[in-house]
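Here's the structure we're looking at; comments come further down.
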Amino acid sequence: MGFKNAPMVTLKPYQAKEDLFPPEVRAEIDRWIAKYPPEWRQSAVMAALRVVQEDNGGFLTEELMDRVAAYLDMPPIAVYEVATFYSMYELKPVGRHKICVCTNVSCMINGSDRIVEHMEKRLGIRLGETTGDGRFTLKEVECLGACGGAPMFQIGNKYYENLTPELVDSILDGLE
Amino acid sequence: MANEVCFRNMDQERPWLLEQYRSRGGYEVLTRILQEKRPPEQIIEEVKASGLRGRGGAGFPTGLKWSFISRNAPGQKYVVCNSDEGEPGTFKDRDILRYNPHQLIEGMVIAGYAIGATVGFNYIRGEFWEPYERFEAALEEARAAGFLGRDLLGSGFDFELHSHLGGGAYVCGEETALLESIEGKKGQPRYKPPFPAHFGLYGRPTIINNTESLASIPVILEKGGEWFRNLGVENSGGSKLFSISGNINNPGVFEIPMGTPFSELLEMAGGMKEGRRLKAVIPGGSSSPVIPGEQMMELTMDYDAIAGAGSMLGSGAVIVLDDSNCMVRILERMSWFYAEESCGQCTPCREGTGWLYRVVHRIESGQGRPEDLELLDDMTTKIAGRTICALGDAAAMPVQGMLRHFRDEFEYHIEHKRCMVD
């Protein structure tokens, strides 16, 4: 049949892995690596990118992706592919708080447009932009699986549901 | 007769805790199976007898899927749970992870025992951080209690279970894309065959089931396949979680027997908001063709009834639309979603989804051309069935459904350059 499935290992694994990331970042990546078969270090790439992105203030750089590649014995291109494929990785700087607002059907018919408009006005930015003071990024996302609480958005790891303009104000007021 | 299976613990306080789960007999089925060294074939037969069909959307019989694995093949096998809940309108697996994680764990261990797998992965969508943490905490509890790890309860059977977090890609809900994703790659679906039962995660035999399917297993084995089957109707065994949202008063997840009239589900969900008229229902997630409201009120919630109306039950994600909605705008938003989420691997889907969106968008913006509806009809037939995975079909079906039932609204838009709904 000719099906094969092998990890995309580099020919010359990078040796000085401990120099690539601070100890706490390494520890977290290693926790993920341990879940997968030893020859499949690359299975931890999504987790590694997430951890590194978090440690870097919410976005990835080419250098960081290269370090992830070196750490996991992957060709850099394989890491770029992953980082550009999934929507949760950011390749440009983002604000301290990334507001991911759902505008898919259930949210749309429950007033997500009004929520977006309210935030755009309040923050003085459009979807996809970051405020000048670097506090907020406004990002349009697809269904986040919380349609029972539409309209909703996610900030950081937290979901906020049944949004109204007033509720949005009080949430944003509570963020530094 | 509600909350019999995945939501049977919903009346408890902090139902996600191990002690709560055990107070209702949790992990007793697993314990008995391990103590009796029950033959795996018996377990698979029981699951087959239950009539359980894949709750992620495809509706493939779960027991049959398990039986495709050759249990005695040497080497590692895997159990993978698909918690990449992403079909717009679906929000049930999130509640299983948050409120009943142990039942999922127990189901996965039993699945591992049944197919001879010693490792499992639960692929949780990356945005589900709270559910992920809940699931992780449950894994710790289960490990400490001896339900995960080596030599479970002295049976000689090992099973380890890990979470894997996604990164935001709808297509990873497709089972082979999900496997690629666990392998640290872009989530692009694989050609099938070979199917995961033969060539799955890391090229090893793998079963992959939806969260709700796996979480149903302990109850099926406790009460019997026949009991489960009899909860539902012909061809649709059991009860099912329905995620209902849209223009209704009390959206949420309801566990009801298969075959329950839609009108009852709508009533449970508080009825229409502001007393408006029911215009249409998207019965099984945004990929399922829309059904007009009057027709929907006559239907029951099961595979055959919804399929008979030209749609599909899918993941049980019911989006209720009232008469204030413009169907062109709804379809425009849905088409944007598929264009955004196409993985780019197959030309008909990569190009076709963008094309569908652009044509629907121009109709919505008053730039529609008289030939556009025929163009849309034609395009859908050139996408559906011509791609590696079902995302192409998923993009085409809502267009076909809308044009079948609400063609006049699209024609009005094209002719008058505005909406017939105020």
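Numbers restart at 1 for each chain; the letters A, B, ... are given by sequence-line order, proteins then strands.
Side-chain contact between A:Leu144 and B:Phe91 is absent, with no heavy atoms from C-beta onward closer than 4.5 Å. Looking at A:Lys35 and B:Ser163, their side chains come closer than 4.5 Å, going by heavy atoms from C-beta outward. A:Gln42 is listed as a side-chain neighbour of B:Lys185, based on a closest heavy-atom distance under 4.5 Å. Considering only heavy atoms from C-beta on, A:Trp40 comes within 4.5 Å of B:Glu183 through its side chain.
Without hydrogens or angle criteria, B:Ser245 side chain to A:Gly148 main chain gives no donor-acceptor distance under 3.5 Å. Judged by distance alone, the side chain of B:Glu130 and the main-chain N or O of A:Asn157 form no donor-acceptor pair under 3.5 Å.
Among residues 83-115 of chain A, the residues having any heavy atom closer than 4.5 Å to a heavy atom of chain B are, in sequence order, A:Phe85, A:Tyr86, A:Ser87, A:Met88, A:Thr103, A:Asn104, A:Val105, A:Ser106, A:Met108, A:Ile109, A:Asn110, A:Asp113.
Between chain A and the options B:Phe337, B:Tyr202, B:Phe121, B:Phe128, heavy-atom pairs under 4.5 Å are most frequent for B:Tyr202.
In this structure, chain A has a heavy atom under 4.5 Å from the side chain of B:Val171, while its backbone stays farther away. At a 4.5 Å heavy-atom cutoff, the contact between A:Val141 and chain B is made by backbone atoms alone. Heavy atoms closer than 4.5 Å to chain B are found in both the backbone and the side chain of A:Ala146.
Taking the six-membered ring where tryptophan is involved, the planes of A:Tyr36 and B:His164 are perpendicular, since the angle between them exceeds 60° and thus also 30°.
Look at B:Arg333 and A:Glu142 and you find a salt bridge, because one of the NZ, NE, NH1 or NH2 atoms lies within 4.0 Å of a carboxylate O, short of that distance. Salt bridge status for A:Glu161 with B:Arg94: present, with a side-chain N to carboxylate O gap under 4.0 Å.
Partners of B:Ala280 under the side-chain contact (heavy atoms from CB on, under 4.5 Å) rule, at least two apart in sequence or in another chain, are B:Val290, B:Leu321, B:Met327, B:Phe406.
The OG atom of A:Ser43 sits 11.0 Å away from the NE2 atom of B:His162 when rounded to the nearest 0.5 Å.
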